[in-house]
J.: 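This is the structure, below, for whatever I ask next.
Note on naming: letters A, B, ... go to the chains in the order of the sequence lines (proteins, then strands), and numbering restarts at 1 for each one.
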Amino acid sequence: MPKTQEPEVKESTDFIRAKIMADNASGRFNGKVHTRFPPEPNGYLHLGHAKSICLNFGVAKEFNGLCNLRFDDTNPTKEDTEYVESIREDVRWLGGDWGDREFYASNYFDKLYEYAEQLIKMGKAYVDDLTADEIREYRGTLTQPGRESPYRNRSVEENLDLFRRMRAGEFADGTHVLRAKIDMASPNLVMRDPTLYRIRHATHHRTGDKWCIYPMYDFTHPLSDSIEGITHSLCTLEFVNNRELYNWVLETLNVYHPEQTEFARLNLTYTVLSKRKLIQLVKEGYVKGWDDPRMPTLSALRRRGVPPEAIHDFCRRIGMAKSEAVVEYGLLEFCIREYLNAHAPRWMAVLNPVRLVIDNYPEDQEDVFEMPLYPDDDSFGSRKVPFTRELYIDRDDFRLDPPKKYYRLAPGQEVRLRYAYFVTCTDVVKDAEGNVQEIHCTYDPASRGGNSPDGRKVKGTIHWVSAKYALPAEVRLYEQLFSVADPNNVPEGKTFLDYINPDSLRTVSARLEPAMAQIRTGETVQFERVGYFCKDRDSTDELPVFNRTVTLRDTWAKIEKKGAK
RNA sequence: UGGGCUAUCGUUCAAUUGGCAGGACACCGGAUUCUGGCUCCGAUAAUCAAAGUUCGAGUCUUUGUAGCCCAGCCA
């Protein structure tokens with residue numbers, strides 16, 4: 001019996017929630033919890049972001065707090081409104097509710113500029129004329145301390161004048177930067193006089209040409225958090241080193257100080273989740289766009305038919321910790337099946353059709369069977385399925401020479417046509433090459449509805465559609481985009497692109513029951529015994545198109561594979 | 001050869017803070033079934049290493065080992 005109830009799951013307290021509870025207990029933020037999800041609008045959101053969304057919005061909800069959506073848009077050369085729109089849509093799809101708190105780091109540019117001047121006045125920041133290469137040289141190495149820039153000890157007045165002229169557009173890109181004056185000998189390279197502002201004569205997607213200097217992440221992020229009154233600033237592990245600077249900025253400026261806590265980012269087998277790689281797959285045409293169903297982006301998952309609930313369940317199950325982990329892709333598939341099994345209506349579709357002729361079924365006869373859209377749950381309703389003398393069944397459901405334990409159709413073997421009749425294979429028509437072209441059988445009229453009054457059992461039940469009434473459809477069968485478990489870690493001289501799975505997309509012409517014309521675009525259904533499929537927006541009135549979301553578990557394939565060994 | 005982070009079943013997350021190492025996924029075996037689906041039952045399976053403290057260590061100490069992050073005017 002499939003469960004129609006959502007499974008009752010006990011929430012385990014991860015280290016972040018434990019920390020928040022401790023903060024609440026000590027009254028640290030007066031019991032307030034306010035998080036933020038801060039994507040940079042320079043690409044589409046993917047499963048890694050989903051983890052962060054579930055965390056930030058989830059924590060806010062659990063602790064009666066709020067979560068802001070904040071676009072971290074400090075680099076005009078990489079960002080675009082196309083991305084902010086997709087991000088909004090994806091966060092909303094996952095149920096993230098940011099109310100009217102849709103913020104942009106670029107909203108704070110004026111305030112950030114004032115803070116920068118304040119730092120200069122405090123003698124904590126200076127304008128450097130070194131080139132980018134020189135700055136790198138002066139920074140030192142992992143094992144050697146850096147050297148101070150010759151411009152490090154300019155007067156406050158000179159720094160202020162220079163910084164104002166940077167803002168006024170007097171200087172070309174790359175000629176000057178504003179740097180924090182911290183410690184060129186710090187063992188933490190982030191603290192060796194980090195760059196705060198750089199000159200970019202570029203049009204920003206929101207502020208247009210108002211600015212030609214733009215603040216860096218390390219300066220913008222803590223102050224944005226502070227301005228918004230964030231309590232817990234949650235980010236991924238690669239920012240651990242930056243936390244010292246995060247704290248320095250807020251302490252030096254003596255402003256409200258949220259706490260940054262880092263967690264491990266998500267890695268998935270058979271998947272790449274780096275923005276650089278995803279953008280390359282799109283721009284170089286390895287996939288058909290950001291929402292190509294083979295992509296790990298949220299828009300692709302949505303198009304593929306993955307329900308947002310499955311992604312929430314996945315994010316809950318992968319847990320939250322500080323050790324870098326690689327999660328098995330199979331867990332995501334499990335979550336998808338788990339949800340869809342309880343929610344997707346059932347239909348019959350034949351993906352690899354072969355003709356089945358029932359010799360003793362009169363040519364002019366037809367049956368119509370009313371079948372439930374979900375077994376044992378009438379609330380899903382039902383549909384009518386026509387039955388005729390000639391049907392299509394799946395080639396996989398017939399074997400000329402059946403292996404042991406093969407329960408499906410084979411010469412002399414009897415099976416049930418789901419919800420219809422028992423049939424026994426009597427003959428096979430082959431073409432010149434010996435391929436099965438047509439299967440002949442006889443049916444037992446007494447088994448109408450799918451049960452024999454004599455109590456006779458059959459081992460196998462197969463799905464079918466009427467050849468006369470079937471609807472042709474295009475079905476896109478997806479597999480992993482990569483053929484190796486870890487495409488991020490490949491041998492010398494190879495790249496992840498060398499491991500793209502050539503079979504990641506296979507398109508077949510299928511036959512559907514006629515009533516499937518009513519399935520709506522974006523709806524995910526089960527093709528019985530095969531998998532879950534989502535009607536794609538490429539569908540036309542003449543030709544519906546379905547994307548395979550995920551297969552059903554296939555125990556028989558496993559048994560057969562084992563037998564073959 | 002600097003600093004930081006991490007280390008528990010195949011995978012991932014736990015372990016009341018020193019008291020029988022547990023769950024989920026995967027795998028294996030079985031029951032059930034008009035989906036070889038679902039459901040149900042069962043089995044296998046781990047504390048990075050060494051030494052120490054202790055009646056008792058995944059947890060504390062010491063010394064190692066391995067992996068990851070940092071030398072953008074990216075985030």
J.: With a 3.5 Å cut-off and no angle check, do the side chains of A:Asn188 and A:Asn241 form a donor-acceptor pair?
T.: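 Per modelled atom types, A:Asn188 and A:Asn241 side chains form no pair under 3.5 Å.
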J.: OP1 or OP2 of B:G29 sitting under 4.0 Å from any side-chain N/O of A:Lys562?
T.: yes
J.: Does A:Leu268 reach a base, just sugar-phosphate, or nothing at all? Heavy atoms under 4.0 Å.
T.: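 Counting heavy atoms under 4.0 Å across all strands, no contact is made by A:Leu268.
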J.: Do A:Arg408 side-chain and B:G36 base share a donor-acceptor contact under 3.5 Å?
T.: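 Such a pair exists between side chain and base.
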J.: Does a side chain donor of either A:Asp133 or A:Thr131 reach within less than 3.5 Å of an acceptor in the other side chain?
T.: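 There is no such pair (donor and acceptor under 3.5 Å, judged by atom type) between the side chains of A:Asp133 and A:Thr131.
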J.: Looking only at the side chains, is there a donor atom on one of A:Tyr104 and A:Asp72 sitting less than 3.5 Å from an acceptor on the other?
T.: no
J.: When we call it a touch if two heavy atoms are under 4.0 Å apart, what does A:Val240 touch: a base, just sugar-phosphate, or nothing?
T.: sugar-phosphate
J.: Examine the base of B:G37 for any acceptor or donor lying under 3.5 Å from a partner atom in the side chain of A:Glu528, and report the outcome as yes or no.
T.: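 No such pair is found, so the answer is no.
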J.: With rounding to the closest Å, how many angstrom separate the P atoms on B:U54 and B:G29?
T.: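 My reading of the P atoms in B:U54 and B:G29 gives 49 Å.
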J.: For A:Asn68 and A:Arg70, indicate whether the former's side chain and the latter's backbone hold a donor-acceptor pair under 3.5 Å.
T.: no
J.: With a 4.0 Å cutoff (strictly under), does any side-chain N or O of A:Arg198 reach OP1 or OP2 of B:A75?
T.: yes
J.: Do A:Glu40 and A:Lys78 meet the salt-bridge criterion of a basic N to acidic O distance under 4.0 Å?
T.: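 No salt bridge links A:Lys78 with A:Glu40.
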J.: Which base, if any, makes a Watson-Crick or G-U wobble pair with B:A50, both distances under 3.5 Å?
T.: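 Paired with B:A50, as far as the under-3.5 Å criterion goes, is B:U62.
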J.: Please determine whether a side-chain nitrogen or oxygen atom of A:Thr555 lies at a distance below 4.0 Å from atom OP1 or OP2 of B:G37.
T.: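 For B:G37, OP1/OP2 do have a side-chain N/O of A:Thr555 under 4.0 Å.
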J.: Closer than 4.0 Å, any side-chain N/O of A:Arg553 to the OP1 or OP2 of B:C38?
T.: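 Checking B:C38 against A:Arg553, a side-chain N or O does come within under 4.0 Å of OP1 or OP2.
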J.: Looking for any heavy atom pair under 4.0 Å, which part of the strands does A:Phe334 touch: base, sugar-phosphate only, or nothing?
T.: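 Sugar-phosphate, backbone atoms only, no base.
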J.: What's the gap between B:A7 and B:U47 when it is taken at their P atoms, as a whole Å value?
T.: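 Each nucleotide's P atom is 16 Å from the other's.
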J.: Nearest to the A:Arg200 side chain among B:A75, B:C74, B:C70, which nucleotide is it?
T.: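 Closest nucleotide among those given: B:C74.
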J.: For B:G2, give its Watson-Crick or G-U wobble partner with both distances under 3.5 Å, or none.
T.: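 With both distances under 3.5 Å, B:G2 matches B:C70.
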J.: Using a heavy-atom cut-off of under 4.0 Å over every strand shown, decide if A:Ala132 touches base, sugar-phosphate, or nothing.
T.: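 The answer is base, as A:Ala132 lies within the cut-off (heavy atoms under 4.0 Å) of a base atom.
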J.: Give a yes/no verdict on a cation-pi contact between A:Arg179 and A:Tyr126, requiring under 6.0 Å between NZ or CZ and the six-membered ring centre and an angle within 45° of the axis.
T.: no
J.: Nearest-Å distance, CD (A:Glu244) to P (B:G4)?
T.: 10 Å
J.: Tell me the interatomic distance from A:Arg418, atom CZ, to B:G37, atom P, rounded to whole angstroms.
T.: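 These atoms are roughly 13 Å apart.
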J.: Quick one: label A:Glu40 by what it contacts on the DNA or RNA (base, sugar-phosphate, nothing), any heavy atom closer than 4.0 Å.
T.: sugar-phosphate
J.: For the side chain of A:Ile559, counting heavy atoms from C-beta on, which of B:C13, B:A71, B:G36 is nearest?
T.: B:G36
J.: Taking atom types as modelled, is there a side-chain donor on A:Glu414 or A:Tyr443 under 3.5 Å from an acceptor on the other?
T.: no
J.: Whole angstrom is fine here: how far is it from CD1 in A:Ile279 over to C1' in B:C74?
T.: 12 Å
J.: Take the protein atom CG of A:Asp173 and the nucleotide atom P of B:C74, then report the distance between them rounded to whole Å.
T.: 10 Å
J.: Write down the partner of B:G36 under the Watson-Crick or G-U wobble criteria, each distance required to be under 3.5 Å.
T.: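 Base-paired to nothing in any strand shown.
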J.: Cation-pi check, A:Arg167 to A:Tyr113: give yes when NZ or CZ is under 6.0 Å from the six-membered ring centre and within 45° of the ring axis, no otherwise.
T.: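 Output yes; distance and angle both within limits.
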J.: What nucleic acid atoms does A:Ile135 come within less than 4.0 Å of, heavy atoms only: base, sugar-phosphate, or nothing?
T.: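 Contact class for A:Ile135: base.
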J.: I need the CG-C1' distance between A:Leu332 and B:A26, as an integer number of Å.
T.: 14 Å
J.: Roughly how far apart, to the nearest Å, are B:C48 and B:G10 at atom P?
T.: 12 Å
J.: What's the closest nucleotide to the A:Pro187 side chain, out of B:A71, B:G2, B:C73?
T.: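 Selected nucleotide (nearest to the side chain): B:G2.
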J.: Which base, if any, makes a Watson-Crick or G-U wobble pair with B:C27, both distances under 3.5 Å?
T.: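 For B:C27, the partner nucleotide comes out as none, under the 3.5 Å rule.
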J.: For A:Asn242, which contact category applies under a 4.0 Å heavy-atom criterion: base, sugar-phosphate, or nothing?
T.: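 Since a base atom lies under 4.0 Å of A:Asn242, the category is base.
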J.: Indicate, with a heavy-atom threshold strictly under 4.0 Å, whether A:Val326 touches base, sugar-phosphate, or nothing.
T.: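 Counting heavy atoms under 4.0 Å across all strands, the contact made by A:Val326 is with sugar-phosphate only.
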J.: Which part of the nucleic acid does A:Tyr406 contact within heavy-atom distance under 4.0 Å: base, sugar-phosphate only, or nothing?
T.: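 Base contact.
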J.: Mind checking A:Leu552 for me? I need base, sugar-phosphate or nothing, with any heavy atom below 4.0 Å counting as a touch.
T.: base
J.: Quick one about A:Glu479 and A:Tyr270 (side-chain donor to acceptor, distance below 3.5 Å, no hydrogens or angles considered), yes or no?
T.: no
J.: Expressed in angstrom and rounded to an integer, what is the separation of A:Lys561 atom NZ from B:C27 atom C1'?
T.: 13 Å
J.: Provide, to the nearest angstrom, the distance between the CD1 atom belonging to A:Ile393 and the P atom belonging to B:G36.
T.: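 Taking CD1 of A:Ile393 and P of B:G36, I get 13 Å after rounding.
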J.: Side chain of A:Arg136: nearest nucleotide among B:A26, B:G67, B:G72?
T.: B:G72
J.: Could you work out the separation of B:U44 and B:C27 based on their C1' atoms and round it to a whole Å?
T.: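 Their C1' atoms lie roughly 9 Å apart.
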J.: Can you identify which nucleotide, out of B:A75, B:G36, B:U6, has its nearest atom closest to the A:Lys322 side chain?
T.: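 When the side chain of A:Lys322 is considered, B:U6 is the closest of B:A75, B:G36, B:U6.
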J.: Could you check which nucleotide pairs with B:U17 in any of the strands shown, counting Watson-Crick or G-U wobble with both distances under 3.5 Å?
T.: none
J.: Indicate, with a heavy-atom threshold strictly under 4.0 Å, whether A:Asn241 touches base, sugar-phosphate, or nothing.
T.: base
J.: Under 4.0 Å: is that the gap between some side-chain N or O of A:Thr461 and OP1 or OP2 of B:G36?
T.: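 So the side chain of A:Thr461 is outside the cut-off, no N or O lying under 4.0 Å from OP1 or OP2 of B:G36.
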J.: Can you see if the side chain of A:Ser323 gets near the phosphate of B:C13 - specifically, an N or O under 4.0 Å from OP1 or OP2?
T.: yes
J.: Provide, to the nearest angstrom, the distance between the NE2 atom belonging to A:His201 and the P atom belonging to B:C73.
T.: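 Atom NE2 in A:His201 sits about 18 Å away from atom P in B:C73.
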J.: Can you confirm whether the side chains of A:Arg36 and A:Ser233 place a donor and an acceptor under 3.5 Å from each other?
T.: yes
J.: Which nucleotide in the list B:A14, B:C74, B:U35 gets nearest to the side chain of A:Pro375?
T.: B:U35
J.: Counting the atoms with a prime plus P, OP1 and OP2 as sugar-phosphate, which does A:Tyr214 contact under 4.0 Å by heavy atoms, base, sugar-phosphate, or nothing?
T.: nothing
J.: Which part of the nucleic acid, if any, lies within reach of A:Arg139 when heavy atoms closer than 4.0 Å are counted: base, sugar-phosphate only, or nothing?
T.: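 Sugar-phosphate, backbone atoms only, no base.
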J.: Would one find a side-chain N or O of A:Arg529 under 4.0 angstrom from OP1 or OP2 of B:G36?
T.: yes
J.: Between B:C68 and B:U8, how far is it from one P atom to the other, in whole Å?
T.: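 Taking atom P in both B:C68 and B:U8, they lie 15 Å apart.
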J.: Counting just side-chain N and O atoms, does A:Lys558 come under 4.0 Å of either OP1 or OP2 of B:C27?
T.: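 Yes, A:Lys558 has a side-chain N/O under 4.0 Å of OP1/OP2 on B:C27.
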J.: Among B:G36, B:U35, B:C25, which nucleotide has an atom closest to any side-chain atom of A:Arg317?
T.: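 Among B:G36, B:U35, B:C25, the one nearest the side chain of A:Arg317 is B:C25.
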J.: Using a 4.0 Å heavy-atom cut-off across all strands, classify A:Gln526 as base, sugar-phosphate, or nothing.
T.: base
J.: If we take the C1' atom in both B:U59 and B:U33, what is their distance in whole Å?
T.: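 One C1' to the other, the span is 47 Å.
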